[in-house]
Number of protein chains: 2
Amino acid sequence: MSQKTLNSVKSCGTAVSCQDCTLSSLCLPISLDGHDVDRLDAIIKRGRPFQKSHTIWRQGDDFQSVLAIRSGSVKSFVTSPSGEEQIVGFHFAGELIGLNGLFKKKYPISTVALETTTVCDIPYDSLDALADDLPELRDQILHSMSQEISEDQQMMLLLSKKTSDQRLATFLVSLSERFHRRGYSATRFRLTMSRNDLGNFLGLAVETISRIFSKFQQQEILRFIDSSRDIELLDMDTLYELADLQDSVQRPCGSKSAS
Amino acid sequence: MSQKTLNSVKSCGTAVSCQDCTLSSLCLPISLDGHDVDRLDAIIKRGRPFQKSHTIWRQGDDFQSVLAIRSGSVKSFVTSPSGEEQIVGFHFAGELIGLNGLFKKKYPISTVALETTTVCDIPYDSLDALADDLPELRDQILHSMSQEISEDQQMMLLLSKKTSDQRLATFLVSLSERFHRRGYSATRFRLTMSRNDLGNFLGLAVETISRIFSKFQQQEILRFIDSSRDIELLDMDTLYELADLQDSVQRPCGSKSAS
DNA sequence: CGAACTTTTGACAGGCTTCAAGACCGGTGG
DNA sequence: CCACCGGTCTTGAAGCCTGTCAAAAGTTCG
C-alpha cells in the first residue's frame, strides 16, 4: 500500500500546533503569515475523540464553535417537526463543519460521528474577533458557504431529476473526487456510512441502494473488497457518464477513453 | 382592496435614492447611518426593467453585481451538462440575488425574469470595497448566505421525503409566509411562475401539479380567482398540517384551531 | 379571431417503495 | 475458539405513487 489510507492523520496528537498539522493546508487554506497562524493556533481547542454514533451537536443547539475534522467522518441532517430526518451532507478529514450556524447563533442541523472522529474546535467568539482583522479568513468563510450553496443546489437537481442509478453514480464520483483532492485514492475507499444513511441522503430506500450496488457489481462497474463498506471503482467512465456532473475540477484518474 | 398589491413599489422611479426607497428596510436591513446609506446609494445603478423571460445572467457568466429586486419576480436554475434544468429558487420584490456568485467570481446559476422586473444593480467591486469598511454589511451578506443554505437543505428534505401533496402545500405555505413578512396578503397572491416551473422546482410533473391543485380545490383548501395564477388559500390549517414545516417564524394568519 | 402556449383531465405503465425473509457481519461471552 | 445475538445488508414479490403519453379545454396576444 503505497497510498496513504484514510483516517491516518500524521502526528496529530493533542499537542500539535496548526502550523505543524498535516491538515493545515486543507482546513484553512488561507495565506496567513506565521504570526497569524500563531493567533489562530492559540484559540483552537483539541478535545478527545468522538465515538461512533456520538451526537456532536443537535439541530437548535446554541452555536458555539466551528469544527475542523482531523480524522474520521460525520453526517449532518435536518429534522422536520414530524421527526423525519434528511441527511444533507457527509464530511471527512480536512473539512470544516458548523459554519452555517453563525446566522441565528444556533446550529440549523444535527451532526453525528460515523466512526471514531477527532476534531479541532474553533470557538466562535475568538474566530469572529480574528476574522475582523483578517480579510483572508473572512473570504475563506464566504468561500466555504458559497460552495455549500452550490453543492446543495446540485443535490436538489439530483433529488429532483436523476434516476436511482444516476444518484448512486453521482455520489460515488463526488466522493472519489473529494478523496482524490485530499491525496487519497480516487478509486478505492471506505464508505463509512451505512446503506441506510446512503439511501436517506440520496432519497432512496435502503433496498434500492443495495440492489444498485449488486447491479453495478454484475456490470463490473465496481466491486467490494472484504466487506460491504470497502469499495473499488472499476469503470470510472461509466460512472461519470451516469453521473452527468458539473465538471467540478477535473477527472482525477485518466482521461475519458475517447478524448 | 385595502391590501397593497404585489409589484406596486411606490415611487421607485430611476431617480429615487436608497434612503427613500420603500424597499430599503427589506433589501439591506442593516443599521447604516445616513452617511453610509449615501455611499451605498452612490454605487447603485438603476437600469431599465427586464421583460418577461429575459435572462438576467446565465450560469457561468462572470460575476459582476448583486441585484436587489424592486418589483417583479425571477426564477433561478442550475443546468447539468446534459442540459437538464433544476429550478433552485424563486425570488420576489425586496430580495437580493446573485450573492453566491462571489465565490469563483462566476454566477453558479442562471436567472430569468418571470414577469416584467425592475432591479437595483449593486456592482461587486464597489460592494466589496464598501463591505471592507462596514461590518454590518458583511454580516448581512453572511446572514443571507446562511439562510440560503438552510432553505436549500429544507428543499432537499422536501424532494427526498415528501409526497406530492406535501410538496405543494409546503410551497404554498412558504410563499404565504414570505409575502406576509413583506406586508402583502398571506392568503391571496399571484403565482407568477408557470405550472411547469412549479413542477420543475418541486420535482414533480406538470400534470401532477395540476391534479393536486384540482384536488385541493375540491377539498376547498384553496381556490383560483379568475385565472389559474391568482390563488386564494382557504384552509391554512390543513396546508400547515400537510407542510410539516420548520416553524420559520410564526403562523401569520390566526392560530391553529385547537391551541 | 386564430395561432401558440398553458393548463387540465384521462388512461396506462413503470420505477421505486414496502413488506418479508434470509444471509451476512461484527462483537461478546462461555 | 466457537456459538450466539443484534444489527446490517441482500434479495424477492407485490403494490402504489407519480411519470408519460395523448388530447381537449382554456388563455394570451398580435
Side-chain angles (χ1 to χ4, degrees), chain A residues 51-53 75 84-87 112 114-116 157-172 190-219 221-231 242, chain B residues 51-53 75 84-87 112-116 158-172 190-219 221-231 242:
Chain A
Q51 293 306 309
K52 179 176 176 175
S53 301
K75 63 175 173 183
E84 265 182 326
E85 293 182 352
Q86 172 64 39
I87 296 177
V112 169
L114 291 173
E115 58 189 321
T116 306
L157 191 154
L158 178 147
L159 292 169
S160 175
K161 301 277 181 306
K162 292 188 181 179
T163 65
S164 52
D165 288 8
Q166 295 175 313
R167 294 185 197 191
L168 195 50
T170 304
F171 177 76
L172 293 172
R190 185 169 177 76
L191 301 171
T192 54
M193 68 294 295
S194 69
R195 297 286 190 267
N196 219 334
D197 289 340
L198 244 164
N200 181 302
F201 182 57
L202 297 176
L204 297 169
V206 201
E207 295 92 330
T208 306
I209 300 289
S210 196
R211 272 185 257 273
I212 298 170
F213 269 137
S214 299
K215 190 173 69 177
F216 281 180
Q217 280 185 94
Q218 267 185 325
Q219 299 172 196
I221 290 174
L222 53 81
R223 72 190 183 104
F224 287 98
I225 299 166
D226 298 336
S227 81
S228 63
R229 299 286 185 101
D230 290 300
I231 197 172
L242 275 171
Chain B
Q51 294 304 309
K52 180 176 175 174
S53 300
K75 63 176 174 183
E84 267 183 326
E85 292 181 352
Q86 171 65 40
I87 296 178
V112 169
L114 290 172
E115 59 190 319
T116 305
L158 178 147
L159 292 169
S160 175
K161 301 277 179 309
K162 292 187 181 179
T163 66
S164 52
D165 288 8
Q166 295 176 313
R167 293 185 198 192
L168 194 50
T170 304
F171 177 76
L172 293 172
R190 183 168 178 76
L191 301 171
T192 55
M193 69 295 296
S194 69
R195 298 285 191 269
N196 217 336
D197 288 341
L198 244 161
N200 181 302
F201 182 58
L202 297 177
L204 298 168
V206 200
E207 295 92 330
T208 306
I209 300 289
S210 197
R211 271 185 258 271
I212 298 170
F213 269 137
S214 298
K215 189 172 69 178
F216 281 0
Q217 280 185 94
Q218 269 186 324
Q219 299 172 196
I221 291 173
L222 53 82
R223 71 191 183 104
F224 286 98
I225 299 165
D226 296 337
S227 80
S228 63
R229 298 286 185 102
D230 289 300
I231 197 172
L242 276 171

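Quick caveat, the model's predicted, so the values are computed rather than measured. Order of the sequence lines fixes the chain letters, A, B, ..., with proteins taken first and strands second; residue numbering starts at 1 for each chain.
B/R211 contributes a side-chain N or O that forms a donor-acceptor pair with the base of D/dT20 under 3.5 Å. On a pure distance criterion of 3.5 Å, a polar donor-acceptor pair joins the side chain of B/E207 and the base of D/dC21.
In this structure, A/M193 places its CE atom 11 Å from P of D/dC9, rounding to the nearest Å. Taking atom CG on B/N196 and atom P on C/dA4, their separation rounds to 19 Å, with Å as the unit. Between the NZ atom of B/K215 and the P atom of D/dC17 there is a distance of 9 Å, given to the nearest Å. At whole-Å resolution of the value, CZ in A/R195 and C1' in C/dT17 are 18 Å apart. Distance CZ (A/F213) to C1' (C/dA23): 18 Å, rounded to an integer number of Å. In this structure, NZ of B/K162 is placed 18 Å from C1' of D/dT18, rounded to the nearest angstrom. Rounded to an integer number of Å, the gap from A/N200 CG to C/dT18 C1' is 17 Å. Residue A/L191 contributes atom CG, which lies 16 Å from atom P of D/dT8 at whole-angstrom precision.
B/S210 comes within contact range of at least one nucleobase, with a heavy-atom separation under 4.0 Å. As judged by a 4.0 angstrom heavy-atom cut-off over every strand, A/G199 is placed among residues making no nucleic acid contact. Residue A/I209 is classed as having no contact, given no heavy-atom separation below 4.0 Å to the nucleic acid. Across all strands shown, A/R229 has heavy atoms under 4.0 Å from sugar-phosphate atoms exclusively, and none from any base.
Between A/D226 and A/G203, it is A/G203 whose nearest contact on DNA chain C lies nearer the 5' terminus. Positionally, the nearest nucleotide of DNA chain D for B/R167 lies more toward the 5' end than for the other of B/K52 and B/R167.
Nearest nucleotide to the A/T208 side chain, out of D/dT18, C/dT8, C/dC16: C/dC16. Taking every side-chain heavy atom of A/S214 into account, D/dT11 is the closest of C/dG26, D/dT11, C/dT8. Between D/dT10, C/dT8, D/dG19, one nucleotide has an atom nearer to the side chain of B/S228 than all others, and that is C/dT8.
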Report task. Evaluate the criterion side chain to side chain contact (heavy atoms under 4.5 Å, CB included) for residue pair B/R195 and B/F213; output intermediate values, then yes/no. Result -> CA-CA 10 Å; B/R195 298 285 191 269; B/F213 269 137; 3.5 Å; yes

Query raised in the report: How far apart are the C-alpha atoms of B/I225 and B/I231, what are their side-chain angles, what is the distance that settles it, and do they pass the side chain to side chain contact (heavy atoms under 4.5 Å, CB included) test?
Result: CA-CA 6 Å; B/I225 299 165; B/I231 197 172; over 6 Å; no

Report task. Evaluate side chain to side chain contact (heavy atoms under 4.5 Å, CB included) for A/F201 paired with A/L158, printing each intermediate quantity in order. Result -> CA-CA 11 Å; A/F201 182 57; A/L158 178 147; over 6 Å; no

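For A/S164, a side-chain nitrogen or oxygen approaches OP1 or OP2 of C/dC16 to under 4.0 Å.
No side-chain heavy atom of B/I221 sits less than 4.5 Å from a side-chain heavy atom of B/K215.
A donor-acceptor contact closer than 3.5 angstrom links the side chains of A/T170 and A/K162.
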